[in-house]
Amino acid sequence: MALGACPQECALPQVALLLLLAHLPTLTFFSSVKTEPKEHIKTEVEEPPPMEVTVKEEPVESEEEDKLVISEPVKEEPMEEEEDEVPLVSRARYHHNHQQEEEGDDDDDAPLPKAGKAAAAAPKEVGSPTKKAKKEEEPVWKWWEETKRDDGLKWTFLEHKGPLIADPYIPLPHHVKFYYNGEAMQLSSEAEEVAGFYARMLDHDYTSKEVFNSNFMKDWRKVMTSKEKEIITDLKKCDFRRLHAHFVQQNEERKNRSKEEKKALKEKNEALIAEYGWCNIDGHRQRIGNFKVEPPGLFRGRGEHPKQGMLKRRIMPEDIIINCSKDSVIPKPPDGHKWKEVRADPSVTWLACWVENIQGQTKYVMLNAASKLKGEKDWQKYETARRLHQTVDKIRENYKADFKSKEMRIRQRAVALYFIDKLALRAGNEKDEDQADTVGCCSLRVEHITLHEEKDGKEYVVSFDFLGKDSIRYQNEVQVEKRVFKNLQLFMENKQEGDDLFDRLNTQILNKHLNELMEGLTAKVFRTYNASRTLQEQLELLTNDDDPIPAKILSYNRANRAVAVLCNHQRAAPKTFDKSMANLQKKIDDKKEQIDEAEKECKSLKKAAKSGGSQKEKMAHEKKKKALERLKEQLAKLEMSATDKEENKTIALGTSKLNYLDPRISVAWCKKYGVPIEKVYNKTQRQKFQWAIDMATAEYNFMGEPMDISRSNDCDDGGDEDYE
DNA sequence: CTCCCTTATTCTGTAATGCTCAT
DNA sequence: CATGAGCATTACAGAATAAGGGA
């Protein structure tokens with residue numbers, strides 16, 4: 001049963017199987033406890049479609065909102081334009097200067113030149129109609145109802161304030177001293193700043209690593225004055241403890257700030273966001289993802305990174321390239337500074353970039369996940385995955401046939417693809433020497449797998465053990481087809497540790513082949529496809545229609561978890577895991593005790609009610625019964641979260657939720673089972689997946705007919721339920 | 001009910017990867 | 001084919017914030 005999670009016979013690593021199997025009984029147990037309170041039954045049975053209930057339940061923002069609500073429930077009518085539209089920074093300018101724009105730009109709200117029928121019909125940007133806090137929600141731009149532009153350009157108009165540069169260094173107070181060889185030493189500002197970076201990390205593992213320390217020392221010495229360089233030669237003689245203590249104290253003080261201070265700080269921060277956090281793209285205001293330039297610091301590579309500890313230098317305006325329209329207000333560099341360059345390249349999505357000094361890579365400032373540019377791409381990604389579904393059977397046949405090919409390179413390609421499909425491995429590009437030694441499928445080396453003709457009663461078992469992205473360990477034992485096994489033996493013949501398993505293959509070759517099988521197909525599409533498919537299948541399998549909401553959510557999380565396991569999304573067990581688990585357990589025990597007690601009381605009341613039979617006594621009994629039910633429900637919820645927590649100990653759900661699971665599957669599930677969307681997506685997630693929440697109905701099927709995104713919403717299930 | 005502290009969740013930061021295109 | 005630039009996506013850790021729970 002749990003095997004249903006796997007794309008094919010047994011894709012899930014063993015852990016997953018164990019987890020799912022081990023907990024299925026629990027699940028059944030819960031689903032059979034019929035103690036739902038009346039309201040629950042109602043929500044599910046009664047008229048108003050669940051969705052409506054949901055909308056009402058939208059958690060209210062906070063204090064301010066309360067005030068407003070008190071004053072008067074604002075009427076439903078969508079308040080037109082005026083206020084809601086404020087945010088467009090320089091609309092006037094935009095229209096003014098925007099002559100190269102084609103015709104159809106007469107509507108204030110549809111600045112996109114090619115907006116077709118969809119845009120015309122679309123209710124323009126609708127703000128939050130009811131609640132009207134002064135910090136109003138940004139009006140939603142339903143870009144998904146517009147026709148996608150097909151010229152490959154990302155924008156016509158782009159205006160922004162440029163990135164926010166890190167504050168200059170402020171030297172430490174004089175009493176905070178660095179000691180060398182037991183003696184206080186006043187460092188130059190430059191050397192002190194870098195010393196501070198190290199001091200901050202004093203109680204981190206990094207500072208106990210040799211590579212980190214030697215890289216640090218080397219770079220630190222580069223910023224020292226010649227005198228300092230002469231003196232400071234040995235890290236072991238450096239004493240950063242005063243600096244460290246200073247920073248700790250600073251943190252402490254920050255935490256203990258008064259309410260007023262905190263509020264002021266928050267406002268200041270919001271002002272910064274208001275100024276730098278937004279851009280105007282084709283007449284719409286959209287949030288920028290990372291508008292702050294990365295401040296200087298010590299490079300923290302993951303795993304055994306050869307460059308860990310190196311100094312990440314301060315980025316100055318002179319390093320930064322700005323990208324924006326010619327006719328926009330060009331961002332102003334800080335006083336006395338210049339940008340490296342200002343260009344207007346509408347073929348890319350970034351607003352600014354610079355080259356980072358550790359790896360020589362370019363870093364970009366881009367829009368945030370809720371933006372059209374990102375959302376459209378995301379949507380497209382899932383449509384590609386759905387197209388794969390249409391042809392995946394053929395592709396599988398195809399690579400299975402290739403297991404027998406006369407050509408080694410074809411066989412290797414086939415086996416690699418088999419792994420990518422079955423195990424959701426990453427493509428595995430080659431890497432440079434100066435990066436951490438991690439691999440993906442194509443870059444697997446012979447030492448990363450072990451072949452077992454037989455293991456634990458199974459034939460042809462391959463065990464994997466390697467470090468993948470972010471140096472996360474991948475360990476798995478998989479039973480494979482005999483042909484795959486024999487091929488692997490062949491590939492490994494006459495090879496030794498360090499040799500590539502697939503020596504006639506790399507990602508370009510593989511992707512080129514894939515592209516011939518299906519337009520737009522690359523190795524990573526399989527990951528997306530198998531992840532999303534697994535979610536949908538697991539949801540179907542695990543959800544019980546008549547479960548109360550918490551049980552449904554547990555099912556959802558389990559389905560999500562199956563995907564996370566498939567994709568090997570791990571996390572370090574939270575430091576306080578055991579403790580908090582024990583706490584939870586105690587709560588559960590307490591609750592059980594309460595229930596025991598309540599049960600006893602209930603029984604005696606029942607007796608009293610029956611024999612004596614006064615109205616009062618009956619009432620008392622009824623009351624107790626209800627209380628008891630409530631308690632039981634609370635207990636079920638607690639136990640639910642306990643299993644959920646336990647199962648989640650070292651598994652991270654976020655990554656798959658955010659990057660691999662077609663959000664329409666989740667939206668459809670919520671609609672189908674009357675689960676409020678907030679139970680599955682938090683606020684930012686709802687923003688990111690607005691397009692899906694808006695477009696998917698309960699009938700959405702990931703494995704159904706893909707949509708043609710470029711021609712927009714003229715197929716599929718034209719859902720129009722508003723559901724925020 | 002408020003306050004304070006602890007724990008859980010969300011958000012931010014930025015590293016690490018995938019993939020295409022030009023040379 | 002090999003290599004590297006360019007840019008976009010995916011990834012986890014840690015900081016920040018919110019929520020829970022006891023006094």
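Heavy atoms only: backbone and side chains are in, while hydrogens, waters and symmetry mates are out. Keep in mind it's a predicted model, so treat the numbers as computed, not measured. Throughout, a chain's letter reflects where its sequence line sits, starting with A, and its residues are numbered from 1.
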Taking [atom1] from [X] and [atom2] from [N], how many angstroms apart are they, rounded to a whole number?
| X | N | atom1 | atom2 | result |
| --- | --- | --- | --- | --- |
| A:His569 | B:dA16 | NE2 | C1' | 13 Å |
| A:Lys683 | B:dT12 | NZ | P | 11 Å |
| A:Glu516 | B:dT20 | CD | P | 12 Å |
| A:Asn659 | B:dG18 | CG | C1' | 13 Å |
| A:Lys255 | B:dT7 | NZ | P | 13 Å |

Atom pairs and distances, side-chain donor-acceptor, residues 287-298 of chain A, under 3.5 Å, sequence neighbours left out:
residue: A:Arg287; atom: NE; partner: A:Gly277; partner atom: O; Å: 3.3
residue: A:Asn290; atom: OD1; partner: A:Met366; partner atom: N; Å: 3.1
residue: A:Asn290; atom: ND2; partner: A:Tyr364; partner atom: O; Å: 2.9
residue: A:Glu294; atom: OE1; partner: A:Lys312; partner atom: NZ; Å: 3.1
residue: A:Glu294; atom: OE1; partner: A:Lys363; partner atom: NZ; Å: 3.3
residue: A:Glu294; atom: OE2; partner: A:Lys363; partner atom: NZ; Å: 3.3

Contact residues, residues 352-363 of chain A to DNA chain B [heavy atom, < 4.0 Å]
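Nucleic-acid contacts, sorted: A:Gln359, A:Gln361, A:Lys363.
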Would you please confirm or rule out a distance under 4.0 Å between OP1 or OP2 of [N] and any side-chain N or O of [X]?
| X | N | result |
| --- | --- | --- |
| A:Asn429 | B:dT17 | no |
| A:Lys645 | B:dA8 | yes |
| A:Thr438 | B:dA16 | no |
| A:Lys524 | B:dT17 | no |
| A:Lys312 | B:dA15 | yes |

Considering only heavy atoms of chain A and a distance under 4.0 Å, specify the first and last nucleotide of DNA chain C in 5' to 3' order that meet this criterion.
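On DNA chain C, the outermost contacted nucleotides are C:dT3 to C:dG21.
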Between B:dC19, B:dT14, B:dT10, which nucleotide gets closest to the side-chain atoms of A:Asn290?
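Closest of the options to the side chain of A:Asn290: B:dT14.
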Could you tell me whether A:Asp282 and A:Lys372 make a salt bridge, using a distance below 4.0 angstrom between a side-chain N and a carboxylate O?
no
Taking A:His160 for its side chain and A:Leu351 for its backbone only, find out whether a donor-acceptor pair lies under 3.5 Å.
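Judged by distance alone, yes, a pair lies under 3.5 Å.
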